[in-house]
Amino acid sequence: MERPTTSRRAVLGVAAGSVALTGLAACSNGSKDSPGQAASSAPAGPPLAIIAPAADSTGLPVSAEIEAKAEGGELTSVKLVDDKGGEVKGEFRLDKSSWVPSDPLEYKTTYTATVVATGTNGVTSTQTATFTTMASPGKRKGAVLWNGDDVVYGVGMPVIVQFKDNYTIDKDNRAGVEKRLFVKSEPHQKGAWRWVSGAVLEFRPEKYWEPGTKIEVRVGWGGHPLGDGDYGATDITAKYSIDDTAREMIVDNKKKTMVAMENGEEKKTAPVSLGKPSKPSFYGTMVIMEKLRKTVFDSSTYGVPVDSPDGYKTDIEFAQRMTWDGQFIHSAPWSVGDQGKRNVSHGCINVSRPNAEWFFEWANVGDPIQVLNTEEGVTEGNGWTCWNMSWEEFLKGSALPPPTV
């Protein structure tokens, strides 16, 4: 599901297809050819050009990719070797707009790329280019991938990339960075990235992930130029899967209920108490971000003294986070008499201890939650809010054109 590039550099040269001469035609009865007459030449392979890197170029970033074009043919292979004969692993993007090394190249190293294209007639053409990478940069910036290895997530789990130390990418460099973020899914589902801010990106398919999907993510920005002389520090990778069961929670303020949906069917309904009018629960589609078996809610952590009228410091069980600013589903035995009747919380979804434990054990990080009919909508970026917008709205946040594959 990686995104294709639309940029193309000027074609630097075209290799002519190889031409082989046949041997002399033999004499035979009825032949119109006389001995010594030459037969026609064999068909040629497609015209082939390596667009980037330019031949004999130097100082290239170690995130360099091989771009080539074959007129009337298909790119069939790329072989990239270093100056010691070591071969670099890699593969084409889905649209074959470039061939991408599986890892960053080495600094201050010379490489030779050999590209092969095959024409519709089955004949091949070959072109080569040699280039040299830059010296190791001094200014490197790090990133965090929120998705972990060997984890099972819910069907609403986005891919989340965040740059460290509040480092931000300016708009002029976002397309180049976004192009170096790769997501593969099995089965394949077309998806896209959205810039939540200059420091955070999230990726999702058009609809929730298909249950059982296997996902591989590569933040391929090791040595990639970020602008202002900055470069990505290292690549980051993760392999994980989506739960075989599609789970979703639907909370309705009018009914004061939370419904657990499993594969499209109602599994359980529980009464709830939501945020009181002065601290309403947010409506919209959110995602379970983390699960805390036991924790402490302390209003002083966001500036409200514990001894003030709206202050609190409370031991909490079976908490499931929905927003960064602290809205959770959690056990609230003190509000059981209000659950199903009225809203008394500070914005959280209150349920009884038995119901909180059931939902805690049933749900996964990445499961979507729809909250309906409250007074205030969730703001973009206050949690993993990518499903709170249409696919068309989501695509507007990308620095690249909409995906085609």
Side-chain angles (χ1 to χ4, degrees), residues 1-3 100 102-104 140-167 169 177-178 180-189 191-197 199-205 207-222 224 232-249 285-295 318-330 359-369 381-387 394:
M1 284 185 285
E2 62 271 19
R3 303 295 307 277
V100 183
S102 298
D103 295 293
R140 303 190 191 187
K141 303 299 180 180
V144 173
L145 175 62
W146 282 85
N147 311 71
D149 272 320
D150 301 320
V151 181
V152 177
Y153 291 112
V155 296
M157 184 66 187
V159 183
I160 306 291
V161 175
Q162 182 172 353
F163 306 121
K164 292 182 177 180
D165 303 320
N166 294 317
Y167 182 77
I169 307 295
V177 170
E178 188 176 329
R180 294 294 300 173
L181 305 177
F182 306 94
V183 180
K184 294 181 183 178
S185 60
E186 180 59 44
H188 174 67
Q189 290 145 79
W193 290 95
R194 177 180 177 85
W195 291 83
V196 180
S197 69
V200 180
L201 296 101
E202 53 189 4
F203 178 99
R204 52 161 273 202
K207 300 177 181 178
Y208 292 147
W209 294 104
E210 294 181 23
T213 298
K214 306 298 181 185
I215 298 174
E216 295 183 24
V217 181
R218 176 188 174 194
V219 181
W221 81 330
H224 186 74
T234 60
D235 279 16
I236 309 169
T237 61
K239 294 182 180 181
Y240 58 91
S241 60
I242 301 300
D243 199 330
D244 291 337
T245 301
R247 296 180 172 87
E248 183 175 15
M249 286 165 276
T285 301
M286 290 157 273
V287 172
I288 294 293
M289 302 170 66
E290 68 173 336
K291 294 159 64 74
L292 303 171
R293 172 63 183 80
K294 290 183 178 182
T295 189
F318 305 113
Q320 301 188 73
R321 180 186 290 272
M322 301 184 298
T323 68
W324 287 120
D325 67 354
Q327 292 199 2
F328 288 78
I329 303 166
H330 66 82
F359 278 96
F360 188 91
E361 296 297 333
W362 175 79
N364 270 329
V365 170
D367 284 337
I369 312 161
N382 186 11
W384 299 339
T385 55
C386 59
W387 301 106
F394 185 84

Any residue meeting salt bridge (Lys or Arg N to Asp or Glu O under 4.0 Å) with E290, in chain and number order, not counting sequence neighbours: R321

Pairwise distance [atom1]([X]) to [atom2]([Y]) - rounded to 0.5 angstrom:
X: K294; Y: H330; atom1: NZ; atom2: NE2; answer: 16.0 Å
X: T237; Y: N147; atom1: OG1; atom2: CG; answer: 11.5 Å
X: F182; Y: E216; atom1: CZ; atom2: CD; answer: 12.5 Å
X: I242; Y: Y208; atom1: CD1; atom2: OH; answer: 12.5 Å

Residues which pass side chain to side chain contact (heavy atoms under 4.5 Å, CB included) with D243, listed by chain and number, not counting sequence neighbours: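 In terms of side chain to side chain contact (heavy atoms under 4.5 Å, CB included), with neighbours along the sequence ignored, D243 is linked to V152, T245, R247, N364.
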
Partner residues of D149 under the side chain to side chain contact (heavy atoms under 4.5 Å, CB included) criterion, sequence neighbours left out: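 Per chain and number, D149 pairs via side chain to side chain contact (heavy atoms under 4.5 Å, CB included) with A238, K239.
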
Side chain of [X], backbone of [Y]: donor and acceptor closer than 3.5 Å?
X: R194; Y: C386; value: no
X: W209; Y: M157; value: yes
X: T385; Y: N382; value: no
X: D235; Y: G222; value: yes
X: K291; Y: V365; value: no
X: R204; Y: P158; value: no

Non-hydrogen atoms of [X] and [Y] that approach each other most closely:
X: T213; Y: S185; value: CG2-CB, 3.8 Å
X: A319; Y: T295; value: CB-CG2, 4.2 Å
X: E248; Y: W362; value: O-CH2, 3.7 Å
X: A143; Y: F163; value: CB-CD2, 3.8 Å

Contact between [X] and [Y] at the side-chain level, heavy atoms closer than 4.5 Å - yes or no?
X: V144; Y: I236; result: no
X: I329; Y: I288; result: yes
X: W221; Y: V161; result: no

For W195, ring pair (Phe, Tyr, Trp, His ring centres under 6.0 Å) partners two or more places apart: none

Those residues that, when tested against F328, pass ring pair (Phe, Tyr, Trp, His ring centres under 6.0 Å) (two or more places apart): F297

Name of the residue among M249, M289, M286 meeting side chain to side chain contact (heavy atoms under 4.5 Å, CB included) with M322: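 The passing option is M286.
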
Qualifying residue, where the test is ring-ring contact (aromatic ring centres under 6.0 Å, His included) with F203 and the options are W193, F394, W384: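 Answer after filtering W193, F394, W384: W193.
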
Pairs satisfying side chain to side chain donor-acceptor pair (under 3.5 Å), at least one member in residues 151-165, at least two apart: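 Residue pairs passing side chain to side chain donor-acceptor pair (under 3.5 Å), neighbours aside: W146-Q162.
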
Derivation and outcome, side-chain contact (heavy atoms from CB on, under 4.5 Å), residues V100 and R218: CA-CA 12 Å; V100 183; R218 176 188 174 194; 3.8 Å; yes

